[in-house]
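Below is one structure; the comments refer to it alone.
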2 protein chains.
Amino acid sequence: MLAATTVFDRASHWPARFSKGVTIYDEGEPSATMYRLDRGCVRLQVNGHGGDRQIISFLFPGDLFGFCLDERHASAEAVTEAEVTCYSIASVLDLNGRSAEVLVELVNRANGAFGELAHHVEKITHLPAAERLIWFFNWLTHHDPTAAATGVIRLPMNHRDIADYLSLKPETLSRAFRLLETRGYIQRSGRRGLSLTRHALALRVRSPEEFTALEARPAA
Amino acid sequence: MLAATTVFDRASHWPARFSKGVTIYDEGEPSATMYRLDRGCVRLQVNGHGGDRQIISFLFPGDLFGFCLDERHASAEAVTEAEVTCYSIASVLDLNGRSAEVLVELVNRANGAFGELAHHVEKITHLPAAERLIWFFNWLTHHDPTAAATGVIRLPMNHRDIADYLSLKPETLSRAFRLLETRGYIQRSGRRGLSLTRHALALRVRSPEEFTALEARPAA
DNA sequence: CGACAGATTGATCCGTCTCAAGCGTGGTGG
DNA sequence: CCACCACGCTTGAGACGGATCAATCTGTCG
């Protein structure tokens, strides 16, 4: 998967680093640079009127972001210290004249992001709090083979970020955490550490749909 | 704006027509064709577990859709009788080798859709029912210069579609309609016709943010 | 080790969903 | 062209889930 992104390495690029909490770009800014995340975690978000914030997606190493040709449609902020590779958009466009892979890669990435967001919307609007959280854990493990195998997750973001991603208030999220813990789906260690129990892992091999529908609703 | 889409007319293309309610493609299907909508209205949607449906976007003439290179990430259905131009994806990719505009056009469309969806999520998760509806009217007028000028709208879709787009139940949507009517923001004629009143039009010149925040909340 | 931001817990409120009847419009057939 | 029928929209009453407000607790970092 890293190989796929090296398509762009023939365009002009350079490394950069953003520290925790820093804004990488803001919605509405003109865009001249796109990024590939190499280490850390980044969030894409839309900031609403009254300080309300909707996190659109969390990005992990290997993910591409900011490939807008005109201006930024959302903001990007570093969740943790983040190392990225920056690509000049002009030179990526130029590269397209020489290599057809560029279009394929960009359009696939864009469509993938769109599809993922579409499903995210469906989930956060139709699932109750605890099931949204399970959905989130499932989604996290898709981006981390280690977590998928062992069930151990080290959350890079705080609860407020998760709440804004799942469209819940921190208090409600906290109650959802406790509910899943009580029911034996997760075990927590500290604020950022958690492991999916055998119980949850066994269920997770099936489709997320079945998992959430059949197992999270009824009381243990 | 129609001129921009004729970029693709150098690729192989043909016309097609779908009647009301017909599925154009389903999520998960392999994709070999992309479309430009010429007349009518199409909806993109994700179908959840228990018959729950989230409408991601309504498409209008001039809009491009289905430009996935591998498989469909969402379903597309005709809201009304719809006339489209179909483009072979293979030949669009081929065209990219000869014309750099192809990449620019596709990536811009994809990013535009992503940005719009991101904002849609923010709205439907943070706004109360009546304000979501106002947001929807505003969004509709962006796609129809005539409506923007006169304030008269002929809805192509039924209330159930609007409800699934705004993530509301039909009953709640109905109450939101009545509320806006009572407060003098809209007048309705029949099930599909409505006009934004002077009151609403005057407010609409400002940003949707101000409009929804300042004017829809307090009782008249 | 100490302090502070972030997380938890409890009590209460409010908006939307749900279930159940009545419409009314728009489309159909006579 | 009009009358009728059916589907979709409307309206009401009640329940429920998440939001809110406020106090306390606890990891994490200096």
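Lettering follows sequence order; numbering is per chain, from 1.
Across the C1' atoms, D:dA13 and C:dG24 are found 22 Å apart, a figure rounded to whole Å.
Place A:Gly190 and A:Lys169 on DNA chain D by their nearest nucleotides, and A:Lys169 ends up nearer the 5' end. Nearest-nucleotide assignment on DNA chain C puts the 5′-proximal partner with A:Met157, out of A:Met157 and B:Arg191. Residue A:Leu168 is the one, among A:Ser189 and A:Leu168, whose nearest nucleotide of DNA chain D lies closer to the 5' end (criterion: closest heavy atom).
Atom CG in A:Asn158 sits about 11 Å away from atom P in C:dT8, given to the nearest Å. In this structure, CG of A:Leu194 is placed 15 Å from C1' of D:dG27, rounded to the nearest angstrom. For the pair A:Phe177 CZ and D:dT26 P, the interatomic distance rounds to 18 Å; values are reported in whole Å. One can place CZ of B:Arg192 at 11 Å from C1' of D:dC9, the figure rounded to the nearest angstrom. Between the CG atom of B:Asp164 and the P atom of C:dC17 there is a distance of 11 Å, given to the nearest Å. As rounded to whole Å, 13 Å separates atom P of D:dG17 from atom CZ of A:Arg132. For the pair B:Leu133 CG and C:dG15 C1', the interatomic distance rounds to 16 Å; values are reported in whole Å. Protein atom CD1 of A:Ile162 is 12 Å distant from nucleotide atom C1' of C:dG6, rounded to whole Å.
Between the A:His73 side chain and the B:Ala113 main chain, no donor and acceptor come within less than 3.5 Å of each other.
For the pair B:Leu155 and B:Phe136, the tightest heavy-atom approach, listed with the atom from each and the gap, is CD2-CE2, 4.3 Å.
Note on B:Arg188: only backbone sugar-phosphate atoms sit closer than 4.0 angstrom, heavy atoms only; bases stay farther off. Among the protein residues, B:Arg175 comes within range of the nucleic acid bases, having at least one heavy atom under 4.0 Å from a base atom.
Salt-bridge formation is detected for the pair B:Arg53/B:Asp161: a Lys NZ or Arg NE/NH1/NH2 atom is positioned less than 4.0 Å from an Asp or Glu carboxylate oxygen. Salt bridge absent: B:Glu27 and B:Arg72 never bring a charged side-chain N and a carboxylate O closer than 4.0 Å.
Contact annotation: B:His159 side-chain N/O to D:dT10 OP1/OP2 distance is under 4.0 Å. For C:dA7, the OP1/OP2 oxygens have no side-chain nitrogen or oxygen of A:Arg160 closer than 4.0 Å. When the side-chain nitrogen and oxygen atoms of B:Ser174 are compared with OP1 and OP2 of D:dT10, one or more of them lie within a distance under 4.0 Å.
If you run ring-ring contact (aromatic ring centres under 6.0 Å, His included) between A:His143 and each of A:Phe137, A:Phe60, A:Phe58, only A:Phe60 comes through.
Listed candidates were D:dT26, C:dT25, C:dA20. Nearest to the side chain of B:Glu171 is C:dA20.
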